[in-house]
Amino acid sequence: MNIHEKIETLTDLYVAGGLGADERGEVDRHIAECAACASLLRDAREFSSWAKGLIKNDAPPADLEDRVIARFRAAGQSKRRRFPVGKRFLKITGSIAAAVALIFIGNAATDGPAEGYMAEVRSRLIANSGARDAEGKLIELSIDKNGGELAWAGTMGAPSNNFEYFFGRDLSRGESDRDRGVNATSAGISGLYARQSDEQAARRLTEGGRTNLVTRSGGKRVVDSLSDGVALGIEPTTAMPAEKMKKALDDDKPTAKEGRLGELKDLAVVAKADSPTPAPESPAVKPPNPVQDNRKIIRTAEVSIEVDSYDATYTKLGELMTAEKGLVASANTHKAANGKISATVVVRVPPERFEAVLAKLKDFGTIRNLNVDSEDVTKAYIDLETRLKSKEILAERLKKLLAEGKGTVKELMEVEVQLGATNEAIESIKGEIKYYDNRIGLSTLTLQIAEKDLGQPFEYVQTLQANLALTARDPDDVYAKAQKEIVDAGGQVVDSRMTRQNDGSSTGFIRGRVDADKFQVLRESLKKYGVATNDTVNQQKTARGGRDGAPKPDAPLRKEQAVIDLTISSPPVFVTRLSQVLVETPTVDSAYQAARKAVEGAGGKIVDGSLKGSVDGMQGTLRIQIDADKFQALVDSLKTAGKVKNANVNSVLPAASTDGAAPLLRERAEIDFALVTPPQLIGEEHGLWKSVQDTLAKSWTGFLWSIEKLFVGISLAGPWILLLIVGIVIWRKRKKAAA
Amino acid sequence: MELDLIRRAQAGDRTAFEDLIRAHARLVWASVYGWVKDPAWTEDVVQDTFLKAWEALKDLKQPEAFKGWLLTIARRLAWRQAEISGRSMSMPEVPERPMPVDLADPEEARDEVQKALARLPERYRIPVTLHFLNGMEYGAIEKSTGLANGSLRGLVARGVAKLRAELAPWWRSRHEHS
């Protein structure tokens with residue numbers, strides 16, 4: 001797998017956030033250099049937001065879990081299965097303790113009583129703030145510790161319609177709460193800030209007993225993802241020793257539900273909650289409304305406009321942007337073959353001018369398609385800010401720990417690693433905030449501009465093509481002449497081939513191109529070369545560069561060069577006469593060669609020929625084809641080769657012709673010509689002398705044969721005899737010596 | 001911790017069960033949505049699923065199989081409700097590749113996305129639904145489905161790729177139109 005393929009497999013995961021930092025870095029580095037892969041990634045990202053955008057109305061409510069739980073509780077109450085509050089509270093505390101314990105599972109050894117305090121703080125927070133009664137929950141609580149010192153940061157949330165309950169007292173009491181805040185500081189909780197999201201956009205509509213969060217914006221139904229409500233950020237001031245904290249907690253036993261929460265450091269109430277449930281019969285039609293302060297809404301629109309002239313439109317667009325303090329972010333144009341321009345122009349305008357700009361676009365041309373979209377990112381934005389804040393606090397603490405340099409090297413290393421991770425998270429959050437700021441600060445308008453009649457064809461093309469099949473007596477001749485004819489007409493031969501069969505027939509094919517105006521003349525003149533058996537002309541007119549249903553009569557007509565496909569073939573072979581001639585001659589060899597020459601001289605064709613010798617003499621055969629009119633003369637000349645032993649002629653009548661080629665039937669004749677040596681007469685030379693001669697010759701031959709065999713015998717047996725003799729001699733000598 | 005929660009819920013601890021709801025509601029939602037393709041109805045089924053699960057929890061012999069057990073209940077409820085109400089819950093038909101619909105109508109385009117999503121095999125569909133519709137981050141999906149990183153990666157990548165392939169005609173024509 002090369003790098004591009006690898007990147008391709010990673011793009012969807014990248015967009016879904018499923019890549020680790022390493023791989024993400026790899027992709028980032030690669031796309032910085034590789035435009036193709038960058039475009040793949042952009043594609044994946046666009047697809048993701050496109051598909052998400054289309055089905056976002058189907059998204060489950062953000063408080064799905066809460067609603068399921070509410071139903072679960074309601075069902076439990078109706079069945080009287082509710083547990084006593086005290087027991088329940090204990091159980092909550094227990095589960096929280098378990099959860100907190102899990103958080104610290106990695107460094108449980110040195111934790112000591114920390115989990116206990118955390119659980120205590122946690123349940124105290126829930127109880128004191130009234131969170132439990134207000135269906136609130138602790139979203140995030142993180143501890144930061146160094147030895148015995150503890151500090152924490154966290155976030156709490158509650159449904160927004162419990163805003164007053166949850167928080168109202170603190171808001172109304174002012175100074176006295178400040179005092180309480182100071183009290184609470186001793187328990188380690190110092191800061192508290194709250195944000196309340198804009199309830200105006202998210203209204204509850206009751207539909208068939210089901211609650212949906214619906215907002216209307218620009219006439220478009222959008223399910224608002226915002227139903228979060230109140231978020232409290234809790235941040236530490238200073239860390240304190242664990243013992244001191246324990247004491248503080250003990251000293252500060254809550255006496256009532258109203259909270260000793262801490263000092264209200266930063267209170268940003270974005271919008272006070274309206275009556276959360278407007279009457280169902282008056283659906284909240286929100287007028288196209290410029291963004292309110294602090295609401296984080298990303299507005300986008302896609303507009304398709306048909307205009308007379310792109311250039312003029314672009315100029316006007318530029319002027320509009322100057323007037324509305326917007327800017328043209330990008331423009332891509334494409335010029336079609338018919339000279340019309342289509343373009344995609346992205347402009348960014350201040351949100352408050354968004355509607356005005358949209359309205360003005362109507363003056364530019366005909367709006368074909370308009371798609372306005374808004375995405376409320378308030379929740380995500382606030383979450384980001386909260387997370388950023390708590391991470392920053394954590395980073396500060398960690399830095400401090402490092403600066404103090406207490407603890408073992410291993411511990412310090414761990415702190416450093418954690419600091420790195422925290423800083424990375426901070427950067428990532430900042431990046432996201434920046435991204436949102438950009439998107440929120442300027443609304444994005446994507447204009448698809450197309451000039452009128454973009455779909456019209458810019459020309460029509462006429463094509464002519466002829467199929468012409470000719471039968472000609474001499475295809476080779478016509479083949480050559482037709483090519484010359486095409487070239488003379490100013491055309492060109494683009495393809496030509498000639499095939500010959502061994503029966504003497506042949507077929508030629510020529511494809512010629514010629515200017516359309518010379519087409520007819522050429523076709524007529526080609527037809528003169530034979531009998532036409534097929535003659536068809538195809539004419540076609542096609543529109544180029546256009547779409548169906550957009551005819552343009554005045555578009556120019558371009559005539560492409562005409563094509564002529566010409567096929568020339570021989571007439572069918574037809575044998576009309578068949579002759580067999582057998583001639584005897586002592587000199588078969590030379591007579592055979594003479595006959596071949598005679599056939600060629602007479603314009604005949606030798607289809608088959610053989611010359612072979614045997615004991616009885618030589619034999620030559622020829623199968624000859626020749627035009628009928630030259631048949632008789634050739635037969636006569638062949639007969640002069642020797643003594644004619646056999647000669648016959650059969651005439652075959654042609655079968656009734658079925659096609660128009662009848663006048664061009666090839667009248668052919670076939671001759672089977674055979675040459676043989678006259679039979680040898682036995683005993684032509686005889687007499688006594690001849691017999692003696694023969695006998696002597698035979699005995700001489702026999703003598704020579706026996707000598708030859710003798711030598712063979714000697715050379716085979718000689719060495720063995722010699723070996724035997726030597727053996728006997730040695731044996732005898734030994735015997736003598738023994739005697 | 002989850003096993004612990006399940007055992008406590010089995011013993012009658014409602015708060016433990018509420019924690020289980022928090023952990024699994026979206027997973028069930030994503031699964032049911034693929035069958036019924038209607039958000040409001042899906043929510044009904046999800047709520048009923050948990051009520052049913054609470055009643056039947058004592059009979060669950062293997063707490064490890066809680067997730068699958070929950071999804072089975074959800075599927076059975078969805079089918080039963082479909083039968084009662086006569087709502088169609090047909091398994092998505094094989095697409096015949098019609099001409100891309102008119103994209104001026106977002107409803108139609110949405111239908112196509114919905115259908116394409118529903119056609120994905122369930123093991124791809126749930127992570128993709130969690131991401132596309134619940135807006136869940138990758139890590140949250142991992143937690144919710146309980147899948148290890150390696151297998152989830154593959155499912156998300158292939159699921160999204162399949163979805164893209166299915167929606168290619170609409171996605172392309174979105175670029176080309178006008």
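Bear in mind the structure is a predicted one, so any value in this text is a computation, not a measurement. In what follows, chains are A, B, ... by sequence order, proteins preceding strands, each numbered from 1.
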Do other residues, nucleotides or ligands put more than 12 heavy atoms under 6.0 Å from K67(B) NZ? yes
Non-hydrogen atoms of chain A under 4.5 Å away: do they reach the side chain of L163(B), the backbone, both or neither? both
About how many Å separate CZ of F72(A) and CH2 of W54(B), when rounded to the nearest 0.5 Å? 4.5 Å
The interface call for R158(B) against chain A, heavy-atom contacts under 4.5 Å, is neither
Taking every heavy-atom pair that is under 4.5 Å apart, which of V68(A), L10(A), L13(A) has the most such pairs with chain B? L13(A)
What's the spacing between E43(B) CD and R71(A) CZ if we round to 0.5 Å? 9.5 Å
Under 4.5 Å from any heavy atom of chain B - which part of T11(A): side chain
Name the member of L51(B), T42(B), V156(B), V128(B) that forms the most heavy-atom pairs with chain A at distances under 4.5 Å. L51(B)
Other residues, nucleotides and ligands only: do more than 12 of their heavy atoms fall within 6.0 Å of CD on E424(A)? no
For R73(A) and R14(B), the nearest pair of non-hydrogen atoms, with its separation, is CA-NH2, 3.9 Å
Report the distance from atom CG of D12(A) to atom NE2 of H131(B), rounding to the nearest 0.5 Å. 9.0 Å
Rounded to the nearest 0.5 Å, the CZ atom of R67(A) sits from the CD1 atom of I21(B) at a distance of 14.0 Å
